[in-house]
Every structure is written in C-alpha cells, then in structure tokens.
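As structure tokens, the structure follows; a few thoughts come after it.
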Amino acid sequence: MLDVTTANEIADDARVRGNVARLAAAQALTGANSAVIFATGSIVGATLAPDMSFATVPISMYVLGLAAGTLPTGAISRRFGRRAAFIIGTGLGTLTGLLGSFAILHGSFALFCLATFLGGLYGSVAQSYRFAAADGASPAYRPKAVSWVMAGGVFAGVLGPQLVQWTMDVWSPYLFAFSFLVQAAVALIAMGIVAGVDMPKPAPSDLHGGRPLLTIVTQPRFIAAALCGVIAYPMMNLVMTSAPLAMKMCGLSVSDSNFGIQWHIVAMYGPSFFTGALIARFGAPRIVATGLLLEAGAATIGLSGITAMHFWATLMLLGVGWNFSFIGASALVLETHRPQERNKVQAFNDFLVFGMMAIGSFSSGQLLANYGWSAVNMVVFPPVALGLVALSLASWARRRKARLEAAMGEFPDAI
C-alpha cells in the first residue's frame, strides 16, 4: 500500500497538473505578446528613432522591464499570492498593446519605448510561470512541470509571428499599429486563464521563514545555476534582438524576418516536451552544458554566411540551445532552496538574469550598427566558455562535499 507521504505527493501532483495546463496556455499567449515585440521592435525603432543606432532601444526597454519587474513580482507573490501577480502582469500586457499602437499611430519613439518597457514588466511576471508550476509538486515531477509550462511557448512561436504577418498592414501606412492592438486583446484572454490558477495565498509562516538570502545564493550550485542563466538568456537575446534588423540590412524581407523569429520561438519551446525527462535522466548540469554548446554552434553558423538560410539556422539552433540551458538552469535553482524560500530566491535569480540582459541589450544596437552581424555572434563564445567552467567547478564541489560527508559517516545534505 502507498504510505501517507506518497499519497499526498500524488494528490499534490494532480492539483499541479491542473495549474500546469493553465500556465502552459498563459505561457503561449504571453509568449505571443513578446514575439510581437521581438519581431517588430527593432524595425519600428529604426522608423521612429532619431538615429539608426537607437533602433534596438525598444527591445532593450523590454528587457529592462523584465529586470525591473522580477523583484516586485516576487514580493507581490510572497505577500498576496502568485495569482495576484499573474493578473497584474496580464493587465500590464494589455496596456502594452494599447500604448504601442498609439505610439506608432502618433510617431512617438518615447511612447513606443514605454510600451515595450510595460511589455517587459508583463514578461517578468510570466517568467515566474515556470517556477509556479513546480509549487507543491513532488521532487520527481518538478522538472517536468517546469518543462511542460515552457512547452506552451511552442504555440507562441506560431501565434505571435503569424499575428504580425496577418495584421501588420491593416492600418497602412502605420506598419504594425494594428498588431499591437490585437496584442492587447491576447493579454486580456491570458488574464482570464491565469485567474483560474489554483494557488492560495502563502501561509503567514512562509512570509518570514527560511534562511537568509545571502546564505542561499552563495552555494556553489546556485552560483553555477544563476551564472548559466545569466549567460544563456542574454546571449540568446543579443543574437535574437539583432537578427531582424541585421536581416533587413542584408536586403532580406520582413517576411523572411518573421519566418526566422517564428521558428526561433518554436525551437525555444518545442524541446520542452522532453527537456524535463532529459534532466531527470542525465541531470541538469549536463543539459545546461549541452545548451550552452548549442548556443555557441548557432553563433558559428551566424558567422558562416548572411543568406536567409544562415539566419534561420542560427535562430533555430539558438532556440534549442536556450531551451536546454535555461530550463536546466531553472531546475538547478529549484534544488537550492526550501519551499518557504522559493519566492525570494527565484525572484533574485531572475533579477540577475534579466538585469544582465538589460545591460547587454542596450549595447546590441551599437554593436550591430558599428561592428556588424559578425561581431554580435563573436560575443557569444567567451561567456559560454565561462559557463562551462562554472558548471564543472560546481559539480566538482558537490562531489567533493559528498565524499567528505560520506567519509565522516554522514548523509549528504539534500541541498
């Protein structure tokens, strides 16, 4: 017969599966919103900005919003529950679409940057979907829960760029103005979905329990996880942000750019159907290392040519590499904290990731404008090497600790 603990884990996993379904759907819709920004941001920016070197600033503002929203998202989730944070986020997503459309219609670069910043705040809330999916799940189910929610992004890869393709000329000559209005409607639909997520407010004991944050984030395993996330996401963002404008500069069409972004997003989230199973079988560090190597491979393809096929192959391989490295790094983070510590640790991790993304993103336009597409790809290699070294050192430290504790006749700490 099953013992009480096992029965409780099964019951919890059943509730978690219901949340996973809703969060995966919300991930798809939120991802469609971000896809609109990534597919159009640098093109609209080039049209509205006073100088071509500012063309990618709207996307950089999106990334800045991602960074700025992570800690408030964690604080709201901890105080009022994750569902409250989710509803606030989708409200910001609606404002993103309305303001973005207004900015394009009135030719305001500043307002368009504000719209994409709000989109980043929405995206920062959506980044917590993957962690929320693991709340209350058994240890064996957690990587799968994270992976399945991320799989919702596959539909974003289809919906977002197609939404742009279908709507970009509706209000000609105001390219993409109607696309952002539709984006607002998509965010409203997402609001209805996340409102049904079964996540009660935290217990009073969870508000003040757990170890100090400094104690948790100085663990070698957390350092490696956060560093790899800091490398995987910003490097992917650097290349993806630059690609649409680089394709335009190389004489390729907007349709070519939309196709590349569409399949990049599919490649980002498609592997999620089995990434969790791979992590369970081979361990998160190996999957993270594989992802980082794939990102380096994508940059190598980007250096080898400037045809549409080269851009598409770069973006697709980059997406798969991001999936492995980022989901693997997220799974590593889940191993470093206790349940009552989750909101502050997860929010701090995302703050590091998206803070670094914001810093790097503001330089992407200058890098592309002044040094070209090749320089964008060359930047990828040194951080990837650093991430691989950090993973190796963290794994060595974990094995060494286990050997020492075994030699003293003690069981290794679970964390």
Side-chain angles (χ1 to χ4, degrees), residues 33-69 92-93 95-123 160-161 164 167-181 183-184 234 237-258 260-261 306 311 354-377 379:
N33 283 2
S34 62
V36 170
I37 293 174
F38 281 113
T40 68
S42 60
I43 297 173
V44 174
T47 303
L48 301 181
D51 186 87
M52 177 64 77
S53 63
F54 297 139
T56 60
V57 168
I59 296 180
S60 298
M61 291 301 293
Y62 173 87
V63 178
L64 183 62
L66 278 174
L92 291 169
L95 287 176
T96 298
L98 295 175
L99 186 58
S101 181
F102 181 87
I104 294 171
L105 291 173
H106 291 80
S108 174
F109 181 67
L111 282 180
F112 187 69
C113 289
L114 176 59
T116 59
F117 176 79
L118 293 176
L121 294 179
Y122 177 27
V164 172
T167 62
M168 62 182 183
D169 294 319
V170 170
W171 283 348
S172 182
Y174 301 102
L175 194 66
F176 306 125
F178 193 72
S179 303
F180 277 86
L181 190 63
Q183 178 194 16
N237 181 73
L238 173 70
V239 177
M240 179 179 68
T241 298
S242 302
L245 186 56
M247 293 175 77
K248 183 179 180 182
M249 292 168 65
C250 292
L252 300 173
S253 68
V254 174
S255 294
D256 288 332
S257 174
N258 286 341
I261 291 296
I306 55 173
F311 279 102
F354 298 117
M356 187 57 66
M357 269 182 68
I359 294 171
S361 186
F362 277 101
S363 65
S364 64
Q366 297 286 342
L367 187 64
L368 179 64
N370 295 326
Y371 300 101
W373 174 242
S374 293
V376 171
N377 288 283
V379 168

Inset, instruction - Output, in order, the C-alpha distance, side-chain angles, deciding distance and verdict of side-chain hydrogen bond (donor to acceptor under 3.5 Å, both in side chains) for S374 and N377. - result: CA-CA 5 Å; S374 293; N377 288 283; 5.9 Å; no
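- For the pair T96 (side chain) and T116 (backbone), a donor-acceptor distance under 3.5 Å is absent.
- Closest heavy-atom contact between S101 and A177: OG-O, 2.9 Å.
- Aromatic pair F180/Y174: centroids not less than 6.0 angstrom apart.
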Legend entry - Stepwise side-chain contact (heavy atoms from CB on, under 4.5 Å) check, L175 with V44: CA-CA 8 Å; L175 194 66; V44 174; over 6 Å; no
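- Residue V239 comes nearest to V376 through the heavy atom pair CA-CG1, 4.0 Å, listed as atom of the first residue, atom of the second, then distance.
- Considering all non-hydrogen atoms of both residues, S242 and L368 come closest at O-CD2, 3.6 Å.
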Inset, instruction - Apply side-chain contact (heavy atoms from CB on, under 4.5 Å) to the pair L99 and L111, showing each step before the final yes or no. - result: CA-CA 7 Å; L99 186 58; L111 282 180; 4.1 Å; yes
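- When every heavy atom of S42 is checked against every heavy atom of P244, the shortest pair comes out as OG-CB, 3.9 Å.
- Residues L245 and A46 come closest through the heavy atom pair CD1-CB, 4.5 Å.
- A distance of 9.5 Å separates CE of M247 from CD1 of I43, quoted to the nearest 0.5 Å.
- Here the side chains of I104 and W171 are not in contact, with every heavy-atom distance at 4.5 Å or above.
- The CG atom of L92 sits 9.5 Å away from the OH atom of Y122 when rounded to the nearest 0.5 Å.
- Counted within 6.0 Å of CZ on F102, heavy atoms from surrounding residues, nucleotides or ligands total 12 or fewer; the atom is thus considered open.
- Counting non-hydrogen atoms of neighbouring residues, nucleotides and ligands closer than 6.0 angstrom, the CD1 atom of I306 reaches no more than 12 such neighbours.
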Legend entry - Evaluation steps, side-chain contact (heavy atoms from CB on, under 4.5 Å), between M240 and I261: CA-CA 8 Å; M240 179 179 68; I261 291 296; 4.0 Å; yes
Inset, instruction - Test side-chain contact (heavy atoms from CB on, under 4.5 Å) on V170 and L181 and set out the steps. - result: CA-CA 11 Å; V170 170; L181 190 63; over 6 Å; no
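- Using a 4.5 Å heavy-atom threshold, the side chains of F311 and S257 count as separate.
- Considering every non-hydrogen atom in both V57 and C113, the closest pair reads CG1-SG, 3.9 Å.
- Partner of Q183 under the side-chain contact (heavy atoms from CB on, under 4.5 Å) criterion, chosen from I37, T40, L98: I37.
- Distance check, rounded to the nearest 0.5 Å: CG of D256 to SG of C250 gives 11.0 Å.
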